[in-house]
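Working notes for the structure below.
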Amino acid sequence: MVPYSLCIAVLFCTLAWADECAWDRDVDFSENPPIIFDESFEIVRPVLEDNYRMVRVTAGSKLILDCPGTNITSLAVTTVEATCDGGRNLWIDDKTWEMKDLGCTAEAAATIRRNTGSCGSEDIGVIHIIGFEILGPESFYELIRVCFDPTSETTLYSQNVIKGRNIAAKDVDPNRPDFKTSSGFFTVSMSSVYSQNSQLNLMTELLGDSDLASQTINVSKEFYFAKGHLAPDADFVTVPEQDATYFYINAVPQWQAFNNGNWKVSAKETWQVCGEFVMLEQVNG
DNA sequence: CTACCGTCAC
DNA sequence: GTGACGGTAG
């Protein structure tokens, strides 16, 4: 016979959990969480609640778990549809799963949709979109819209949306990936071009004076051109979104003194503003 | 991956 | 001074 108190407990829990699924971002997820999309193909992101980074969806809602570029390890597929069971688990094809057991084999990776339109003055630029493949090539989640001038091989501007409700609950990961070239955009090696040595060599050649060149490119004074993010790493909530900013087409040569000074301060001001709004569309360039 | 530099807010 | 953040090199 089942004790009476246990019945009460079970009933209570059922009632309390019936309306939604809730997960703690720092407890209930695997090392490489999937990108979670809701039924309108918006990413489900954590919200800061009393120092807990909570991910919530309504009970019964259908989600898409996506590991673009890799697989959900337990299922050996990139994308799967799942239903919130009203507690901590997800229904997938008549079987329940814990969120923790639905991690990606590697970090979910952004890709680029190329040549989706023209942009810039007199349509000099070409639009490339950095984002996530969802169910294959027919569906794509846009993160960063890049206006790239193929003639000068320079990005004119990048456009991204800051999620004001989620930015306080963003992932903090000290590891930063290398910038990716993603072939077809540049005719030169971008990593070589940005190296401080090649900058010094170029300046020496241009000025014809090595003393003058070493005053112009002076690393200790932050007089060098850094890979200045246009859509910034820190504007994004999840690690895969943050790492999607590390494409060379999302960066322009920027004096490090400015990059690490005014620009950084300006980014923080932007968050202050967007804390007052749900989201803010930002254009940098 | 590790070690390093400079700026800023606290 | 320390940690977060913007970078660098090997």
Side-chain angles (χ1 to χ4, degrees), chain A residues 25-26 31-32 45-48 51-53 69-70 104-110 130 143-144 146 154-155 157-164 166-182 185-186 188-204 210 213-276 280 282-285:
Chain A
R25 173 65 185 82
D26 297 301
E31 185 188 351
N32 291 309
R45 302 178 176 85
V47 172
L48 195 64
N51 292 326
Y52 293 99
R53 304 194 296 143
T70 178
C104 304
T105 304
E107 183 185 319
I130 302 172
L143 286 170
I144 302 165
V146 173
T154 304
T155 295
Y157 63 84
S158 286
Q159 195 173 343
N160 68 291
V161 173
I162 303 170
K163 302 293 179 180
N166 312 101
I167 199 73
K170 70 178 180 179
D171 293 337
V172 178
D173 180 4
N175 298 319
R176 286 164 292 178
D178 293 334
F179 271 82
K180 292 172 278 294
T181 302
S182 199
F185 299 118
F186 305 99
V188 292
S189 159
M190 292 305 278
S191 59
S192 307
V193 167
Y194 271 105
S195 83
Q196 295 172 346
N197 260 340
S198 78
Q199 290 181 38
L200 188 57
N201 290 340
L202 177 60
M203 201 57 78
T204 305
S210 62
S214 56
Q215 287 173 43
T216 311
I217 302 296
N218 184 333
V219 172
S220 69
K221 291 184 174 170
E222 298 194 305
F223 295 170
Y224 63 91
F225 291 102
K227 297 185 276 271
H229 270 97
L230 288 169
D233 173 326
D235 269 10
F236 292 91
V237 177
T238 66
V239 167
E241 291 175 286
Q242 292 166 4
D243 289 354
T245 65
Y246 286 79
F247 285 94
Y248 278 107
I249 58 166
N250 183 45
V252 291
Q254 188 179 40
W255 288 107
Q256 175 65 357
F258 181 70
N259 190 26
N260 196 18
N262 309 42
W263 190 257
K264 195 164 70 172
V265 172
S266 151
K268 290 190 175 177
E269 296 292 326
T270 310
W271 296 339
Q272 301 258 319
V273 171
C274 81
E276 298 162 19
L280 182 75
Q282 177 173 258
V283 181
N284 291 320

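Throughout, protein chains are lettered first and strands after them, A, B, ... in sequence-line order, and every chain is numbered starting at 1.
In this structure, the salt bridge (Lys or Arg N to Asp or Glu O under 4.0 Å) partners of A:Arg53, at least two apart in sequence or on a different chain, are A:Asp26, A:Asp171. Under the salt bridge (Lys or Arg N to Asp or Glu O under 4.0 Å) criterion, A:Asp173 pairs with no residue, sequence neighbours left out. Under the side-chain hydrogen bond (donor to acceptor under 3.5 Å, both in side chains) criterion, A:Arg45 pairs with A:Glu42, A:Tyr141, A:Glu241, not counting sequence neighbours. Listed by chain and residue number, A:Phe148 satisfy the ring pair (Phe, Tyr, Trp, His ring centres under 6.0 Å) test with A:Phe186 (two or more places apart in sequence, or in another chain).
Here B:dG6 presents its C1' atom at 16 Å from CH2 of A:Trp255, a figure rounded to the nearest Å.
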For nucleotides 4-10 of chain C, 5' to 3', base contacts (B), sugar-phosphate-only contacts (S) and non-contacts (-) with protein non-hydrogen atoms under 4.0 Å give -BBBSS-
Pairs under 3.5 angstrom only: tabulate donor-acceptor contacts from the side chains of residues 244-251 of chain A to other protein residues two or more places apart or in another chain.
{"from": "A:Thr245", "atom 1": "OG1", "to": "A:His229", "atom 2": "NE2", "distance (Å)": "3.1"}
{"from": "A:Thr245", "atom 1": "OG1", "to": "A:Gln242", "atom 2": "O", "distance (Å)": "2.7"}
{"from": "A:Tyr246", "atom 1": "OH", "to": "A:Asp233", "atom 2": "OD2", "distance (Å)": "2.7"}
{"from": "A:Asn250", "atom 1": "OD1", "to": "A:Ser158", "atom 2": "OG", "distance (Å)": "2.8"}
{"from": "A:Asn250", "atom 1": "OD1", "to": "A:Ala231", "atom 2": "N", "distance (Å)": "3.0"}
{"from": "A:Asn250", "atom 1": "ND2", "to": "A:Ala231", "atom 2": "O", "distance (Å)": "2.8"}
{"from": "A:Asn250", "atom 1": "ND2", "to": "A:Thr245", "atom 2": "O", "distance (Å)": "3.1"}

